[in-house]
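Shown next, in structure tokens, is the structure this report addresses.
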Amino acid sequence: MSDTPPLDISHDQHAVRRAKLAEMRAGGFDPFRANVATTHFSAEAKALYVDGQDNVVSVTVAGRLVTFRVQGGSSFVKIQDQQGPIQLYFRKDVLGEERYLVFKKGLDLGDIIGVTGVLFKTKTGEITVRVDSFVLVSKALRPLPEKWHGLADAEQIYRQRYLDLIINAESRHRLMTRSKIVSHIRRFLETQSFIEVETPVLESTAGGAAARPFKTHHNALGVDFYLRIATELRLKRMLVGGFDRVFEIGRIFRNEGVSRRHNPEFTMLEVYQAYSDYRGMMTLIKDMLTTLIRDVIKPADGSLKIKHAASGQDIDFGGEWREVKYKDLIREATGDAEWFSRSKAEKISGAEKLGLGVNPAWEEFEITNEIFSKKIEPTLIQPTFVTHLPKELCPLAKITPDDPTTIDVFELTIGGMEVAPAYSEQNDPDVQRTMFEAQAGEEKQNIDQDFLLALEHGMPPAGGMGVGIDRLCILLTGAESIRDVILFPQLRPGSA
RNA sequence: GGGCUGGUAGCUCAAUGGUAGAGCAGUUGCCUUUUAAGCAAUUGGUUCCGGGUUCGAAUCCCGGCCGGCCCA
């Protein structure tokens, strides 16, 4: 024994908690070896309470301690589980002097405990568990962020998402809603006889879209692979193979910038339906989104309206959705009925008149599309099917029968964002090859020869569609950034 | 990649060239129906990192690291 006084660790919450753990272990109890057999989640437990029948129904619940209001001989605390918080009431005269002291001194905010007790209603009307026994099943050695302001540091929210989920109820709700959205989409498609499939992430040709891929290397085969930038060409092979309605909800990787709207890996739903076309896809997406809003988002007023975070407007998914041709939108925005017969020089000056910077190296369709994406798309807040895009924008769709310069497609635009492009899928192998080879500018895709071979075996006519799940979640949850709907968004490696 | 902007106690934030503070959390007491519980006392700092200017730097300057917003 030494005479030196014990070190003052009262300011170091980590050290204080470690000391409490060490003391428990010295007393023969190790929380990390303990467990609890729960009977209910928090909301289920509260639902069991019968008005006027205090201290009758017994439950065992478990969760993380998130509020801690200790008084002399009785205390209220809250634990939180997957379903939310539930209040617990600890009394010295119920637990006994010794256990009450363990509760008061041994437990900290953030600890995970299990309790058994009976339901009652407090005088302020909150259904609460009066605790008969409790067990610590995990000691939190680090303190929780502050209870009132929550966790505000954006970097820590993303790097330590688990803290954000514990502390910030809106984050918890938003990210849970994402899970429900994906689940709803699966069930919606399955009830319409769509089959979910999984196609490779590693490909020797990254096709189906125009984007820079991530590259990796397979050691045993001694070849380079690319992470997929779309699932389109694989899913169309499934149509060739006789899976007439298929979909994949898959992670897509694009080696491009990181921004409010872009994460290097993101989630895309792609759907293909044989014997349908782009008009069939309109019905499909409209049904999918209206049922999503009705069954998952559930607007309080029973409408199909949601608040658009960026503009403050209501987006109304009820009624007919606007349908408008790409060329008509361009003619309207430029005020030039003859826009598409203008020379490149005239298009450049037309774009500049609208305040756009134009790179003279661009192809004409790229100049036009700059007008679309900068001046038109952001104004399309209500659900809008923009149809009949210039054929240069996508080589994988069928040419419009009465206009050989456009394709039979739509881009569903909501809240100023492209949410879902859909096509009548090109199934003529010769036209497909020609269209691939004619690609130019930033739209140029890698040519997947094996896909062309598959088309030569015969692909049924089909409608296909892609839905950016992250963007859909931004829209439906009122988020401001893609990082708010992705659990662990990409950041530069850091020290946290 | 460029412009703007931020990094201070575990968390949320003050301090604009002159002794680094507050609230919550922590610690010690009191308190048997609380709701950001209350009361009293109290601990806690590599001011992101490295240089520079200055009698003196959280603050001004340069470089770096990690974020945010806008643009490409």
Side-chain angles (χ1 to χ4, degrees), chain A residues 5-20 23 54-55 65-80 84-97 100-101 103-111 117-131 140-164 166-169 212 255-262 310 355-359 361-362 366 370 373-374 378 442 480-484 489-496:
Chain A
L7 226 57
D8 177 15
I9 56 166
S10 70
H11 60 276
D12 183 339
Q13 303 189 51
H14 183 219
V16 166
R17 286 166 184 237
R18 281 204 173 273
K20 289 183 184 181
E23 194 180 326
D54 281 0
N55 305 329
L65 261 173
V66 289
T67 55
F68 206 52
R69 282 195 279 273
V70 178
Q71 303 171 61
S74 85
S75 304
F76 287 94
V77 308
K78 280 181 184 170
I79 58 171
Q80 179 173 282
I86 185 169
Q87 180 164 262
L88 312 176
Y89 183 46
F90 289 74
R91 292 178 64 103
K92 193 198 286 188
D93 58 6
V94 172
L95 290 161
E97 190 96 25
Y100 191 74
L101 196 67
F103 155 76
K104 226 167 76 164
K105 291 296 177 184
L107 299 190
D108 289 294
L109 275 173
D111 287 355
V118 285
L119 296 168
F120 75 103
K121 196 179 248 183
T122 66
K123 70 179 186 188
T124 53
E126 181 160 354
I127 297 165
T128 301
V129 179
R130 195 208 68 203
V131 175
L141 295 173
R142 303 281 178 179
L144 287 178
E146 203 244 10
K147 62 185 174 185
W148 182 240
H149 299 93
L151 183 62
D153 178 42
E155 188 172 353
Q156 205 174 350
I157 284 174
Y158 302 137
R159 288 197 200 277
Q160 292 182 279
R161 178 67 89 182
Y162 46 90
L163 292 179
D164 176 49
I166 293 166
I167 289 292
N168 297 330
R212 287 171 56 195
N255 202 344
E256 287 160 7
V258 180
S259 77
R260 244 158 50 103
R261 292 278 166 84
H262 300 90
L356 295 170
V358 175
N359 182 340
W362 284 352
E366 290 176 304
E370 180 76 358
S373 54
K374 291 286 159 60
E442 289 186 357
E480 293 183 358
S481 164
I482 196 169
R483 286 181 286 258
D484 295 329
Q490 202 65 50
L491 297 181
R492 213 177 270 279
S495 51

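What you see below is based on every heavy atom in this structure, not just the backbone, and it leaves out hydrogens, waters and symmetry mates. Just so we're on the same page: letters track the sequence lines, and every chain starts at 1.
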Nearest-Å distance for atom pair CG/C1', residues Asp484(A) and rC69(B): 14 Å
CA sep, side-chain torsions, deciding dist, call: Lys78(A), Glu126(A), side chain to side chain contact (heavy atoms under 4.5 Å, CB included): CA-CA 11 Å; Lys78(A) 280 181 184 170; Glu126(A) 181 160 354; 3.2 Å; yes
Separation of rC11(B) C1' from Tyr162(A) OH (nearest whole Å): 14 Å
Nearest listed nucleotide, side chain of Phe76(A), among rU12(B), rC70(B), rU34(B): rU34(B)
Listed nucleotide nearest any side-chain atom of Lys92(A), set rC11(B), rU12(B), rU32(B): rU32(B)
Nucleotide nearest His11(A) when distance is taken to its side chain, options rC69(B), rG26(B), rG44(B): rG44(B)
Touch class at under 4.0 angstrom, heavy-atom based, for Tyr89(A) against every strand present: base
Listed nucleotide nearest any side-chain atom of Arg91(A), set rU33(B), rU27(B), rU28(B): rU33(B)
Nearest-angstrom distance from the residue atom CZ of Arg260(A) to P of rG67(B): 18 Å
Close side-chain approach of Leu101(A) to Glu97(A), heavy-atom, < 4.5 Å: no
Side-chain donor/acceptor of Glu146(A) to base of rA25(B), under 3.5 Å: no
Rounded interatomic separation in angstrom, taking CD from Gln13(A) and P from rU28(B): 13 Å
Between rG44(B) (C1') and His14(A) (NE2): distance, integer Å: 16 Å
Gap in Å between the two P atoms, one belonging to rG52(B) and one to rU59(B), rounded: 14 Å
Which nucleotide in rG10(B), rG26(B), rG44(B) has an atom nearest any side-chain atom of Pro143(A): rG10(B)
Under 3.5 Å on both distances, the Watson-Crick or G-U partner of rC69(B): rG3(B)
Whole-Å gap separating P (rU27(B)) and CG (Asp8(A)): 11 Å
Closest to the Phe120(A) side chain, choosing from rU33(B), rC69(B), rA36(B): rU33(B)
Nearest to side-chain heavy atoms of Arg483(A), which nucleotide of rU34(B), rU12(B), rC69(B): rC69(B)
Watson-Crick/G-U partner (both atom distances under 3.5 Å) of rG38(B): rC30(B)
Touch class at under 4.0 angstrom, heavy-atom based, for Leu491(A) against every strand present: sugar-phosphate
Gap in Å between the two C1' atoms, one belonging to rG67(B) and one to rC60(B), rounded: 23 Å
Asn168(A)/Ile157(A) under side chain to side chain contact (heavy atoms under 4.5 Å, CB included): CA gap, chis, key distance, verdict: CA-CA 9 Å; Asn168(A) 297 330; Ile157(A) 284 174; 4.2 Å; yes
Watson-Crick or G-U counterpart of rU19(B), or none if no pair lies under 3.5 Å: none
Check: Phe68(A) ring centroid to Phe90(A) ring centroid under 6.0 Å: no
Touch class at under 4.0 angstrom, heavy-atom based, for Lys105(A) against every strand present: sugar-phosphate
Tyr158(A): ring pair (Phe, Tyr, Trp, His ring centres under 6.0 Å) partners, not counting sequence neighbours: none
Atom-pair distance (CG on Asp54(A); C1' on rU33(B)), nearest Å: 11 Å
Between C1' of rC66(B) and CD of Gln490(A), the distance in whole Å: 15 Å
hbond_proxy Glu126(A) side chain to rU34(B) base (donor-acceptor, 3.5 Å cutoff): no
Upstream residue (5' side of RNA chain B) when Glu370(A) and Gly125(A) are each assigned their closest nucleotide: Gly125(A)
Between rA25(B) and rU43(B) - C1' atom distance, rounded Å: 12 Å
Annotated protein contacts, base or backbone, on nucleotides 37-42 of chain B with a non-hydrogen cut-off under 4.0 Å, one of B, S, - each: B-----
Nearest-Å distance once atom C1' is located in both rG21(B) and rG45(B): 11 Å
Inter-nucleotide C1' distance (rG17(B), rG3(B)), Å rounded: 28 Å
Close side-chain approach of Arg483(A) to Arg260(A), heavy-atom, < 4.5 Å: yes
Set of ring pair (Phe, Tyr, Trp, His ring centres under 6.0 Å) partners for Tyr89(A), sequence neighbours left out: Phe76(A), Phe120(A)
Distance-only donor-acceptor test (3.5 Å): side chain Ser74(A), base rU33(B): no
Inter-nucleotide P distance (rG56(B), rG38(B)), Å rounded: 46 Å
Same-atom distance (C1') from rC31(B) to rG18(B), integer angstrom: 45 Å
Asn55(A): side-chain hydrogen bond (donor to acceptor under 3.5 Å, both in side chains) partners, not counting sequence neighbours: none
Sugar-phosphate, base or nothing in reach of Arg142(A), heavy atoms under 4.0 Å: nothing
Sugar-phosphate, base or nothing in reach of Gly357(A), heavy atoms under 4.0 Å: nothing
Touch class at under 4.0 angstrom, heavy-atom based, for Lys20(A) against every strand present: sugar-phosphate
First encountered from the 5' end of RNA chain B, between Thr122(A) and Ser259(A): Thr122(A)
Under the side-chain hydrogen bond (donor to acceptor under 3.5 Å, both in side chains) test, residues paired with Glu370(A) that sit two or more places apart: Lys374(A)
Sugar-phosphate, base or nothing in reach of Asp93(A), heavy atoms under 4.0 Å: base
Pairing partner (Watson-Crick or G-U wobble, both distances under 3.5 angstrom) of rG63(B): rC49(B)
Candidate nucleotides rU34(B), rG68(B), rC66(B), ranked by approach to the side chain of Arg159(A) - the nearest: rC66(B)
Arg17(A): partners by salt bridge (Lys or Arg N to Asp or Glu O under 4.0 Å), with sequence neighbours left out: none
Gap in Å between the two P atoms, one belonging to rC49(B) and one to rA57(B), rounded: 15 Å
